*Asks:* 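To start, I am sharing the structure in question, which I have written as structure tokens.
Below, chains carry the letters A, B, ... as their sequence lines are ordered, and counting in each starts from 1. Here the structure is a predicted model, which means the values were calculated and not measured.
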2 protein chains.
Amino acid sequence: MSQHRHPGAPGSAGAVPALPDLPEATVARLPEYLRALHNLADTGHETVSSEGLATAAGVNSAKLRKDLSHLGSYGTRGVGYDVALLIEQIESVLGLTQRRAVALVGVGNLGHALAGYDGFASRGFRIAALFDADPGRVGEEINGLVVRHVDELPRVAAEESIAIGVIATPASAAQRVADQLVEVGVTSILNFAPCVLSVPEGVDVRKVDLAIELQILSFHEHRKASLTALPATGGSALTALPGGLAATDSQEAIGT
Amino acid sequence: MSQHRHPGAPGSAGAVPALPDLPEATVARLPEYLRALHNLADTGHETVSSEGLATAAGVNSAKLRKDLSHLGSYGTRGVGYDVALLIEQIESVLGLTQRRAVALVGVGNLGHALAGYDGFASRGFRIAALFDADPGRVGEEINGLVVRHVDELPRVAAEESIAIGVIATPASAAQRVADQLVEVGVTSILNFAPCVLSVPEGVDVRKVDLAIELQILSFHEHRKASLTALPATGGSALTALPGGLAATDSQEAIGT
DNA sequence: AGGCGCTTGTGAAGACGTGCACAAATCGCG
DNA sequence: CGCGATTTGTGCACGTCTTCACAAGCGCCT
């Protein structure tokens with residue numbers, strides 16, 4: 001990712017709570033911890049051990065401790081972590097104390113679903129505006145929001161102080177939309193279009209490509225299939241776990 | 001990810017083309033190369049250099065060459081790679097020579113969109129069946145497919161020989177659905193529900209969580225905002241790239 | 001007060017992934 | 001045929017991430 005280097009700068013010790021330049025891999029896992037913590041809080045837990053939280057988040061406990069240690073020491077030895085405090089800390093680090101405004105461009109099949117997805121609202125974001133280039137779609141109301149023409153982006157972006165842009169257009173339109181988003185000052189983009197976006201330095205792009213995920217699964221499926229053809233060491237393919245489900249760490253972050 | 005170890009096994013040199021146990025990071029990038037290659041093929045290119053393909057795929061050319069070298073030597077020095085041949089090789093490695101059948105469970109907001117997403121069909125997959133637990137949704141027709149009750153999964157899975165399951169249910173239902181998928185023999189799952197799935201060894205799970213992606217972007221947004229508060233070294237925050245867009249490698253894989 | 005069990009935080013080692021830089025190979029041209 | 005231009009494939013060094021293992025710290029019970 002882009003290489004912002006936070007230079008020593010020990011002078012600015014003030015309101016800003018350090019910003020300790022977390023490893024990217026850690027950042028990618030924090031949201032998962034946060035989700036698990038909210039679950040724990042909802043079920044009445046006040047504290048949780050690294051082991052417990054790690055299991056809930058699907059990672060190794062050593063990794064979790066190291067991740068959290070980067071934020072500072074918010075655990076108590078012999079006891080664990082205070083759930084409420086940890087939630088607060090992680091939300092603070094992720095910048096979720098303010099509810100960021102999201103603009104969604106492209107209200108087709110996928111965009112429609114995203115516009116109606118309540119997981120955004122419940123996890124710190126506010127879909128502030130919907131755009132499409134197709135005049136036939138402009139004016140349509142989705143989930144209480146009216147679809148505007150993409151040309152209105154500059155005006156609306158300023159009014160709503162958009163922080164993040166989501167691109168759910170066809171690939172052919174994505175670069176143009178990205179340019180427009182950058183133009184109006186958006187520096188974070190989530191791209192669902194299957195193409196590479198070219199953006200200026202300082203703008204972060206994350207990409208989600210559903211077909212790619214399936215193709216990665218296909219590879220493993222393919223490999224597993226070719227393995228069963230082997231004589232192999234142990235028993236047959238499905239020794240089927242005794243009790244049924246065994247905890248595995250096969251759950252892997254999609255990011256990084 | 002799960003630790004299948006391909007043991008030496010030099011005996012089985014037959015129809016199977018080696019299966020060279022690729023690094024996971026490489027596997028995650030192959031689909032991106034494949035997409036770029038198809039673009040190139042469609043625009044009439046017969047060969048492409050590592051530099052050209054790398055740019056099209058948004059990666060470093062050295063990385064691309066190393067990735068491709070893991071598949072074997074399919075390039076010609078001084079010339080580049082044969083586009084058609086490389087497509088063939090990558091599709092073969094990813095197991096895309098057969099069109100895999102996908103079962104989609106959960107036809108809510110997101111599931112609806114996924115069912116209608118044509119990117120699946122065009123990239124090697126066939127949505128073979130739709131399921132939902134809500135009787136109110138059963139019978140609905142989406143994109144030519146009728147939604148069935150999830151209890152019919154065993155029968156349909158056998159009929160259609162489902163290879164991959166996609167979970168687009170609420171988090172509360174996801175584990176149950178995963179269990180059912182595993183039960184009928186599915187060993188690859190793409191999970192859109194915001195929760196950790198527990199599955200037996202040998203089953204691969206990939207997770208896509210839209211809110212997590214936004215939260216990661218939020219972190220960087222937060223950090224960028226706190227950086228502008230610094231006096232800093234050079235000029236002001238936005239020296240704004242001269243021409244406008246500069247190629248960056250900030251495009252980062254969402255996987256791995 | 002003291003000791004015991006539990007849990008965090010972290011040093012160190014190893015695995016993994018990345019990128020440079022260059023030798024080896026191929027093509028085209030004179 | 002030989003030479004130079006071009007591009008691949010890869011050895012090597014570096015940085016990042018993961019995992020182990022354990023000392024340090026905390027609370028509770030006697």
*Asks:* With the side chain of B:Glu24 defined as its heavy atoms from C-beta on, choose the nearest nucleotide among C:dG17, D:dC17, D:dT10.
*Replies:*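 When the side chain of B:Glu24 is considered, C:dG17 is the closest of C:dG17, D:dC17, D:dT10.
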
*Asks:* Separation of A:Leu71 atom CG from C:dT10 atom C1', in whole Å?
*Replies:*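 For the pair A:Leu71 CG and C:dT10 C1', the rounded distance is 15 Å.
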
*Asks:* So, B:Arg29 and B:Glu32, do they make that salt bridge, N to O below 4.0 Å?
*Replies:*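 Salt bridge: no.
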
*Asks:* Suppose we call a contact any N or O donor and acceptor under 3.5 Å apart; does that hold for the side chain of A:Lys66 and the base of D:dT18?
*Replies:*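 Looking at the base of D:dT18, it does not pair with any donor or acceptor on the side chain of A:Lys66 (distance under 3.5 Å).
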
*Asks:* Write down the distance between NE2 (A:His70) and P (D:dT18), rounded to a whole number of angstrom.
*Replies:*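 Spelled out: NE2 on A:His70 to P on D:dT18 is 10 Å.
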
*Asks:* Give a yes or no answer on whether the side chain of B:Asn191 reaches the backbone of B:Cys195 with a donor-acceptor pair at less than 3.5 Å.
*Replies:*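 A pair under 3.5 Å: yes.
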
*Asks:* Do you know the tightest heavy-atom contact between A:Pro194 and A:Asp209?
*Replies:*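 The answer is CB-OD2, 3.3 Å.
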
*Asks:* If only side-chain N and O atoms of B:Tyr81 are considered, is one of them under 4.0 Å from the OP1 or OP2 phosphate oxygen of D:dG9?
*Replies:*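 The answer is yes; a side-chain N or O of B:Tyr81 sits under 4.0 Å from OP1 or OP2.
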
*Asks:* Rounded to whole Å, please give me the gap between CG in B:Asp21 and P in C:dG17.
*Replies:*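 Rounding to the nearest Å, CG of B:Asp21 and P of C:dG17 are 11 Å apart.
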
*Asks:* Figure out the CG/P separation between A:Asp82 and D:dC26, and round it to whole Å.
*Replies:*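 Taking atom P of D:dC26 as the reference, CG of A:Asp82 is at 15 Å.
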
*Asks:* For B:Asn60 and D:dG15, what is the distance between atoms CG and C1' respectively, to the nearest whole Å?
*Replies:*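 So the two atoms are 15 Å apart, to the nearest Å.
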
*Asks:* May I ask you to decide whether B:Lys207 forms a salt bridge with A:Glu213, counting only side-chain N to carboxylate O separations under 4.0 Å?
*Replies:*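 Salt bridge between B:Lys207 and A:Glu213, a charged N being under 4.0 Å from a carboxylate O: no.
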
*Asks:* For C:dT8, does either OP1 or OP2 sit under 4.0 Å from a side-chain N or O belonging to A:Ser50?
*Replies:*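 The answer is yes; a side-chain N or O of A:Ser50 sits under 4.0 Å from OP1 or OP2.
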
*Asks:* Protein within reach of the bases, or only the backbone? For nucleotides 22-30 of chain C, mark each nucleotide 5' to 3' as B, S or -, using heavy atoms under 4.0 Å.
*Replies:* --BBBS---

*Asks:* In whole Å, I'd like the distance from the CD atom of B:Glu51 to the P atom of D:dG9.
*Replies:*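 Atom CD in B:Glu51 sits about 15 Å away from atom P in D:dG9.
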
*Asks:* Need one value for A:Thr26: base, sugar-phosphate or nothing, where a base atom within 4.0 Å counts as base even if backbone is also close, heavy atoms only.
*Replies:*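 Touches nothing.
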
*Asks:* Please give me the minimum heavy-atom distance between A:Leu181 and A:Gly165, naming the atom from each residue.
*Replies:*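 In this case the closest contact between A:Leu181 and A:Gly165 is CD1-CA, 4.1 Å.
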
*Asks:* Would you kindly give the CG-to-C1' distance between A:Leu86 and C:dT8, to the nearest whole Å?
*Replies:*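 Atom-to-atom, A:Leu86 to C:dT8, this comes out as 13 Å.
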
*Asks:* Could you tell me how far apart A:Asp67 (CG) and C:dG9 (C1') are, to the nearest whole angstrom?
*Replies:*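 Distance check: A:Asp67 CG to C:dG9 C1' gives 13 Å.
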
*Asks:* If you only use heavy atoms from C-beta on, which nucleotide in C:dG17, C:dC20, D:dC17 is closest to the side chain of A:Pro23?
*Replies:*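 Of the options given, the side chain of A:Pro23 lies nearest D:dC17.
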
*Asks:* May I ask you to check whether B:His38 and B:Arg35 show a side-chain donor-acceptor distance below 3.5 Å?
*Replies:*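 No - no donor-acceptor pair under 3.5 Å links their side chains.
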
*Asks:* Hey, is CZ on A:Arg99 packed in by over 12 heavy atoms from elsewhere, all under 6.0 Å?
*Replies:*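 Yes, enclosed.
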
